Each structure stands twice: as structure tokens, then as C-alpha cells.
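Take a look at the structure below.
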Amino acid sequence: MKRYYVTTFGCQMNAHDSERIKGMLESLGLGEATSPESADVLVYNTCTIREKPDTRLAAYLGNAAAWKRERPDLVIAVGGCYAEAQREALFERYPFVDVAFGPGSIPHLAEWIGAGGVGVARGRFGSHDSFAAELPARRERRFQAWVQVSMGCNSACAYCIVPAVRGREQSRRPGEIVAEVSALAAQGVKEITLLGQNVNSWGRDLAPAVRTDFGELLRACDAVEGIERIRFTSPHPKDFREPVIAAIAECAAVCEHVHLPLQSGSSRILKRMRRTYDRDRYLALVERLRDAVPDLALGTDIIVGFPGESDEDFLATLEVVELVRFESAFTFIYSPRAGTEAAAMADQVPEHVKHERLEALVEVVQRIARERNEERIGRVEEVLVEGVSRTDPGRLRGRTRRNTTVNFVGTARPGDLVDVVVEAASSTTLSGREAALAVV
Ligand code: SAH
Ligand code: SF4
Ligand code: F3S
């Protein structure tokens, strides 16, 4: 039997797509290798959101090239966003790559790899003609699953490469999504995460006969027996309309956690980023969400050093972070991406300034995250058990509905939903013990 090994970079959508790539390769009769060194087919599912993943990929492909010199029949396939951004140039830069394909043409990979993992072809890019979700999945987690609701993005954020590599937004039909969620529930899945580049604009491009909105989709998923937790990522602040907020508030399974990318706290920079909201609209949305969903946890994405960002603009970002008090935040240094609007802007911020700002931001973000987590001490949180703690094999690990990782003492098993008493907190995790074991 030929063996494959898939290496995944990037966001949750890529994690989802990799499960489909694996499922498809297995349907062709390939088995999974335990390491890339022992594989006959190597697949790299790439990301190109910032320069860093590009550089990491170069190192991975360096290793692959060396293995191929020893074993010329090794098949090297590069998929995902970097492949789509580079197109034919990928073969010039990495001539040992056999197959390359964009995120919209994953199903075609089967034609190229062929039954048994032989047969090699050049790439297919930019077709965006099929949902990876329609392929069989080899899921990595038993009780949690990704569910793709759309592909592509119609926004035009000035810094972002995603619209160029993932194409225009296309929504999956609601019937197909709900059927998949029901099938997952029947397999024992308890938590689903609905995925889209702009998940809450889902549905607007559907044919009039089936057109609905993201709020309706949340309600339909909530109605599926066995699904205890529903998450979704990433929503765009501009598309948070009332029916979506009402659905989050009213659906028992929809978790009290929203990832709400801020990007910048300066209205001037938000405008240059083409985010289509300003500071006040963002803050008003936070208030509406918190009014509707008591105990809501908020996460965010923030970019520092966008072209033209002054010290004042950066201070405005720090101010919004202090005002909102996010439970968690992913912080990024602006990275120019070829072909995007911002990459061509004249007033790029010097590297050392970007780094200083990131450092200052991380300090504030971590302090607030720790304070937010410390507020949970003494409370009982419902935890979905995922496995053994990564730091202490004597303890279990899981997540709260508010999406915080908890390491705890207990006897529960993976897939169980248990109440945990929180005893301590750091900026990223909580720890505690199962409520049933707590001393009263
Ligand atoms: N579709 C999702 C995810 C986009 S990528 C969304 O819109 O939320 C995830 C994050 O990477 C973005 O939210 C942004 O904060 C960051 N990002 C995107 N392009 C970037 C760039 N060129 N440089 C630095 N960070 C970037
Ligand atoms: Fe990129 Fe903006 Fe689309 Fe998100 S909404 S994928 S940041 S263009
Ligand atoms: Fe990266 Fe593509 Fe996701 S660029 S962040 S893998 S959409």
C-alpha cells in the first residue's frame, strides 16, 4: 500500500481542507504514513497570509527535495493558498514539485495522484468549482468537527491575500450543511465549528428559493439532536445583523464565544484597510453582543504596522483593547502581500517600529487575558473533554463554552461534558477539578 503524509499550514479552513485531502487519498486506496520520511506521497497544504508561512514552507520543501533525490518516485504535491498565489511560478521556484493545486480544486487532486498514488501532473488553479466539504473526511478529532459553510470572500481588506486566492464567496446550500451536521451528530460529534472566510455573510448569494441568513443556519444546526456546541469563525463585524445576534442569544448550543476581528482601533486606519466599520461602530457592536449574550467571551485579530499607522493610531488600538477587554487576541505584524492594495502604499512602517508596537500590544493583551481568566476562579464551567493535559499527563484537558482551555483533575473521558470548578488561571488556560470531585 502507498502511503501519504499531509502537512498543514494556516487557518481552520486549511485544517478542514486537509481532512478532506486525507479522506480523498484514502478513498483512492492510500494509507496514512506515520512520518513524512516514510511516505510515498507528500502533500503540503499551504498558507500565504503573511510572509512567515511562505518561509516555513521553503524549509519543508527543502527536506522533501532531499528525500526525492534518494527516492525519485516520491510524489510531492503542493496545495492551498500559497500554491494558488504562485501558480506556475511555483514550478519554477520548486522544480521538484510534481502536483500543485489551489484551494478551489482539491477534488481534482484525485485525478492527478491517480489510484494507488502514481501518475503525476501539473497544477490546476483558480477554478473554485467545488466545495472541499463534498469530499469524504478523515477527521482528526472524534467529538468535534469543522463544517464548511462557504468558500471565498467578497471583502476587499487592503492587506489581505485571501480574496485573490480563495475567489468570490460561494455559499453551500443550507440543506447540504444541515445534512452534514446531522450525519456528524449520528457519528457522535458533539461540537461543530462552522467555517467561512466571512462566515456571517453566508447565504446572501443563494438562489431566491433557498435564500436565508446565517442566523437561520445557526438555528437549523441548533435543532440537530446530539449537537451540544456550535462555534463559528470568522465573522466580519460589518455583517453582524440583529437576526444573527438573536440566534446566538437564543440557541442553547451556540457557545458564548465570538471571534470578532478588530484589526485596528483607529478609524482612520480601518478606513484605509477598507474594513467598512469604524471604532465607534465596532464598540457599539460589542455592546449589542454583550447585552444579548450575558457572559460572552470575545476574541479578536489585530494587525500592527499597517501602512500609514502613526503612534496615535496605534494608541487608539491599545485604547480599544482596554475598553473591550478581550478574552483572547491574535496579534500580527503587518506583512505586505504581493498584489494587495496595501503592499503598494507608499508609507510602509519601518520594521523596528512594527516590532515595538507588537511587543507593547502583546503585553496589554496578555495582561487583560489573564485578568479575564482570573475572573473565572471559583466558578463552575462546563468542559468538553478532549484528552489528556499536554503539560501534565495526570490531568485532563478540555474547553469551556467560552473557548478557554482547562487542565483539570478528574475521571471523565474524552467526549464527556463535565462541570469543572476553576481553581487557577493564566493568560491562556484555566485549571481546576471536576465539580463532582470537589470538596464541599
Ligand atoms: N477570513 C478571516 C481570516 C483572515 S486571515 C477573517 O476575515 O477574519 C486571519 C487574520 O490574519 C486576519 O484577521 C488579520 O488579522 C491577519 N492578516 C491578514 N492579512 C495580513 C497581513 N497581510 N499581514 C498581517 N496580518 C494579516
Ligand atoms: Fe481577508 Fe478581509 Fe476577507 Fe477576512 S474579510 S478573508 S481579512 S479580505
Ligand atoms: Fe492562510 Fe489561506 Fe487560511 S492564506 S489563513 S490558509 S485562507
Side-chain angles (χ1 to χ4, degrees), residues 3-8 10-27 30-35 43 45 106 131-149 172 176-195 218 220-233 251-255 257 259 381-420 429-430 432 434 436:
R3 304 219 163 258
Y4 70 83
Y5 193 87
V6 179
T7 306
T8 308
C11 62
Q12 289 99 329
M13 192 63 91
N14 259 21
H16 163 273
D17 290 355
S18 283
E19 292 187 347
R20 303 296 167 153
I21 291 172
K22 292 179 180 187
M24 190 177 57
L25 294 175
E26 294 191 0
S27 72
L30 281 80
E32 187 168 22
T34 48
S35 68
V43 182
N45 191 17
I106 292 170
F131 288 99
E134 285 159 16
L135 297 166
R138 224 301 304 279
R139 286 192 295 106
E140 302 296 321
R141 306 170 301 171
R142 260 179 75 201
F143 304 101
Q144 295 161 295
W146 310 115
V147 177
Q148 181 184 25
V149 306
R172 264 179 98 194
E176 283 167 28
I177 299 170
V178 176
E180 183 179 341
V181 173
S182 303
L184 289 166
Q187 291 165 23
V189 167
K190 294 192 176 165
E191 176 180 299
I192 56 164
T193 302
L194 305 177
L195 293 180
L218 287 176
C221 294
D222 184 62
V224 174
E225 191 79 30
I227 298 297
E228 310 270 0
R229 291 181 166 195
I230 300 170
R231 303 186 185 280
F232 54 90
T233 201
C251 294
V254 176
C255 291
H257 172 251
H259 185 74
E381 304 260 356
E382 182 202 85
V383 172
L384 175 60
V385 184
E386 294 178 2
V388 170
S389 160
R390 294 207 169 97
T391 48
D392 175 358
R395 293 205 285 171
L396 296 169
R397 168 180 52 89
R399 259 164 207 278
T400 66
R401 287 178 60 94
R402 303 171 82 251
N403 207 34
T404 315
T405 297
V406 189
N407 295 302
F408 63 100
V409 177
T411 56
R413 287 190 314 217
D416 287 350
L417 286 163
V418 286
D419 284 340
V420 171
T429 56
L430 300 175
E434 257 175 53

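A quick note: this is a predicted structure, and the numbers were derived from the prediction, not measured.
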N/O donor-acceptor pair under 3.5 Å between Arg20 side chain and Ala133 backbone: yes
Note, Val385 side chain near Phe143 side chain (heavy atom, < 4.5 Å): no
Pairwise side-chain contact, Glu228 with Leu417, heavy-atom cut-off 4.5 Å (strictly under): yes
Separation between NE2 of His257 and CZ of Arg401, rounded to the nearest 0.5 Å: 12.5 Å
Electrostatic pair Glu140-Arg142, nearest N-O below 4.0 angstrom: no
Basic-acidic side-chain contact under 4.0 Å: Arg141, Glu386: no
Validation row: Val189, Arg139 side chains within 4.5 angstrom (heavy atoms): yes
Side chain to side chain contact (heavy atoms under 4.5 Å, CB included), paired with Glu180, selected from Ile177, Val178, Leu184: Leu184
Close side-chain approach of Arg231 to Gln12, heavy-atom, < 4.5 Å: no
Verdict with supporting geometry, Glu32 and Lys22, salt bridge (charged side-chain N to carboxylate O under 4.0 Å, His left out): CA-CA 8 Å; Glu32 187 168 22; Lys22 292 179 180 187; 3.3 Å; yes
Audit row: Thr405, Arg390, side chain to side chain contact (heavy atoms under 4.5 Å, CB included) steps and yes/no: CA-CA 11 Å; Thr405 297; Arg390 294 207 169 97; over 6 Å; no
Sub-4.5 Å side-chain heavy-atom contact between Thr193 and Gln144: no
Non-hydrogen side-chain atoms of Phe408 and Val418 separated by less than 4.5 Å: yes
Charged N-O contact under 4.0 Å between Arg172 and Glu134: no
Presence of salt bridge, Glu191 and Arg399, under 4.0 angstrom: no
